[in-house]
Amino acid sequence: MLDIKFIRENPDVVKQALAARKNDADIDALLALDTARRAAITEVEELKSSRNSASKTIGGLMKEGKKAEAEAAKEEVRRIGDRIAVLDEQVRELDEKMLQTLLFIPNLPRPCVPVGKDETDNVVVRTFGEPKKFDFEIKPHWDICEALKLVDFERGTKITGAGFPVYTGQGARLQRALIQFMLDLHTTEHGYTEIEPPFVCNAAAMTGTGQLPKFAEDMYHINLDQLYPVPTAEVPLTNLYADEIMDIDRPVKITAYTPCFRREAGAAGRDTRGLLRLHQFDKVELVNFVKPEDSEKQHEILVREAEKVLQKLGLHYRVIELCTADIGFSAAKCYDLELWAPGVQKWLEVSSVSNFWDYQARRARIRCRDANGRPQFVHTLNGSGVALPRLVVALLENNQNADGTVTIPEALRPALGGLEKLG
RNA sequence: GGAGAGGUGGCAGAGCGGUUUAAUGCGCCGGUCUUGAAAACCGGAGAGCCGAAAGGUUCCGGGGGUUCGAAUCCCUCCCUCUCCGCCA
């Protein structure tokens with residue numbers, strides 16, 4: 001959520017930033033609500049002030065036994081009370097309208113974010129490794145999965161539906177090993193505290209991080225209990241500190257594995273084959289809470305931490321900086337990590353590393369204290385560290401051998417009991 | 001699921017219609033003392049909103065009601081704890 005004070009004082013900056021990300025929010029209408037709200041508050045508070053002092057006077061009169069005078073005063077105060085009730089209701093309605101407007105306005109991209117018209121204007125920041133050369137005919141991952149019986153695509157549709165993969169045998173074990181490998185890396189080398197959160201969250205949490213109310217259609221919803229299966233661990237992890245004043249002399253860094261559930265509304269028919277786009281997938285997520293002055297520096301550290309996973313696995317990847325038109329709703333700045341998958345001949349997004357500035361913190365009321373001890377909103381950051389299915393795709397397609405086996409990267413073998421090859 | 005108890009500042013815990021401007025303790029910050037620290041003593045400090053400021057206003061789990069006036073009385077919902085039931 002944006003700061004209404006900032007919008008009031010910098011309407012043109014806000015309009016320009018929103019235009020850069022192709023958002024058409026009506027800022028002038030919002031500011032009109034703001035003006036009306038403040039006028040109503042000023043009026044009602046003056047009335048409340050006079051009611052309060054009059055009530056004190058009545059208390060005194062009652063004690064002195066001046067019944068008649070007290071009754072006259074009561075009548076006067078009752079009229080003030082009626083007027084207050086009307087104005088209070090007005091303020092409540094204006095508050096609600098403003099909130100509903102603000103909840104649908106996205107974050108402002110930082111000035112440093114490249115301006116663009118769509119994803120083709122994203123910028124490649126750096127590239128790691130080289131595309132691998134093969135001296136045999138390589139297979140796409142779905143053929144490898146079938147040959148080595150890593151995923152049972154057929155039976156999965158029977159129990160749930162398309163997009164809910166059933167990993168089997170070494171495929172299932174590979175999932176578990178990757179989760180362990182990533183959690184161990186981040187906790188032992190990057191200073192993260194491991195969390196195992198609930199896999200469902202309530203509407204307040206979903207609103208805190210920005211999934212609700214705008215993206216309700218992208219989420220599964222357990223109607224009977226008003227709970228949402230998490231679309232990312234970002235939701236439970238970030239909201240862990242909702243309504244708190246945090247002590248963050250140094251960044252608070254937490255990580256968790258969760259399955260992620262996404263309806264992928266609007267993406268029907270895209271990437272239907274294999275593991276490229278799923279309704280349920282596994283992910284290890286990294287979440288940071290930092291003081292405002294530290295967030296830009298910490299964002300660079302965070303993206304390096306996510307990259308470390310790919311480097312250790314020896315995969316060819318690139319870091320993309322998203323342009324203003326492609327950046328996520330809640331993000332102020334965002335890097336994506338993309339793996340090269342030679343079988344499908346595509347760059348695959350396996351991580352999104354975002355700086356949310358104070359946008360989520362304001363929605364979820366996560367604060368810390370500034371140098372003077374005054375409360376201020378923290379900055380939140382998060383990054384996938386990383387999402388599994390596309391990582392598996394890249395591992396299988398890059399490490400496949402002519403004999404149909406797949407070589408396990410050195411770094412991953414301990415988590416697989418020393419296994420060197422799949423198949 | 002049933003019965004009972006309870007939700008008050010960072011924590012503990014009083015208050016149960018009108019000097020509550022929410023006592024008190026612990027913890028926290030500053031100071032005195034000390035070579036330094038601890039202890040002791042003195043002082044300070046809740047959050048949101050409106051306001052340039054002075055100041056005002058709201059907040060005792062959420063919502064609603066009674067009243068001139070509600071932390072305090074009533075209704076309702078939520079949550080926590082204890083016991084019972086069921087159970088991995």
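In what follows, chains are A, B, ... by sequence order, proteins preceding strands, each numbered from 1.
The CG atom of A:Asp243 sits 14 Å away from the C1' atom of B:C79 (whole-angstrom rounding). The separation between A:Gln90 atom CD and B:C50 atom P is 17 Å, rounded to whole Å. To the nearest angstrom, C1' of B:G48 lies 16 Å from CD1 of A:Ile4. In this structure, A:Asp3 atom CG and B:G48 atom C1' are separated by 13 Å, rounded to whole Å. Regarding A:Arg92, its CZ atom lies at a distance of 16 Å from the C1' atom of B:U58, rounded to whole Å. Computed from coordinates, the A:Leu94 CG to B:C50 P distance equals 13 Å when rounded to whole Å. We find that CZ of A:Arg37 is positioned 17 Å from P of B:U57, with the value rounded to whole Å. One atom, CD of A:Glu43, and another, C1' of B:G51, lie 16 Å apart when rounded to the nearest Å.
In RNA chain B, the stems built from three or more successive Watson-Crick or G-U pairs (distances below 3.5 Å) are B:1-7 with B:78-84, B:10-12 with B:24-26, B:28-32 with B:40-44, B:46-50 with B:55-59, B:61-65 with B:73-77.
Using P as the reference atom, B:G7 and B:G13 are 9 Å apart when rounded to the nearest Å.
With contacts defined as side-chain heavy-atom distances shorter than 4.5 Å, the pair A:Ile7/A:Leu102 qualifies.
Side-chain nitrogen and oxygen atoms of A:Ser49 include at least one within less than 4.0 Å of the OP1 or OP2 phosphate oxygen of B:U57. Contact annotation: A:Arg51 does not reach the phosphate of B:C68 (side-chain N/O to OP1 or OP2, under 4.0 Å).
A donor-acceptor contact closer than 3.5 angstrom is absent between the side chains of A:Thr168 and A:Asp152. Residues A:Thr380 and A:Gln360 have side chains that bring a donor and an acceptor to within less than 3.5 angstrom of each other. Looking at A:Gln211 and A:Tyr228, their side chains never bring a donor and an acceptor atom within 3.5 Å of each other.
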For this session: Please report the C-alpha distance between A:Gln311 and A:Tyr317 in whole Å, then the side-chain angles of each, then the deciding distance to 0.1 Å, and finally whether the side chain to side chain donor-acceptor pair (under 3.5 Å) criterion is met.
Result: CA-CA 9 Å; A:Gln311 288 173 10; A:Tyr317 72 84; 2.8 Å; yes

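Nearest to the side-chain atoms of A:Arg78 among the listed nucleotides B:C68, B:A47, B:C49 stands B:C68. Closest to the side chain of A:Pro375, from the set B:C68, B:C50, B:A47, is B:A47. Among the nucleotides B:G48, B:C49, B:U57, the one closest to the side chain of A:Arg367 is B:G48. Which of B:C68, B:C49, B:U57 sits closest to the side chain of A:Val77 comes down to B:C68.
Every side-chain contact (heavy atoms from CB on, under 4.5 Å) that A:Thr405 has, sequence neighbours left out, goes to A:Asn401, A:Asp403, A:Lys421.
Among the protein residues, A:Arg8 comes within range of the sugar-phosphate backbone only, with heavy atoms under 4.0 Å from sugar or phosphate atoms but none that close to a base.
Of the residues listed (A:His299, A:Glu300, A:Glu307), the one engaging A:Tyr335 in a side-chain hydrogen bond (donor to acceptor under 3.5 Å, both in side chains) is A:Glu300, and it is the only one.
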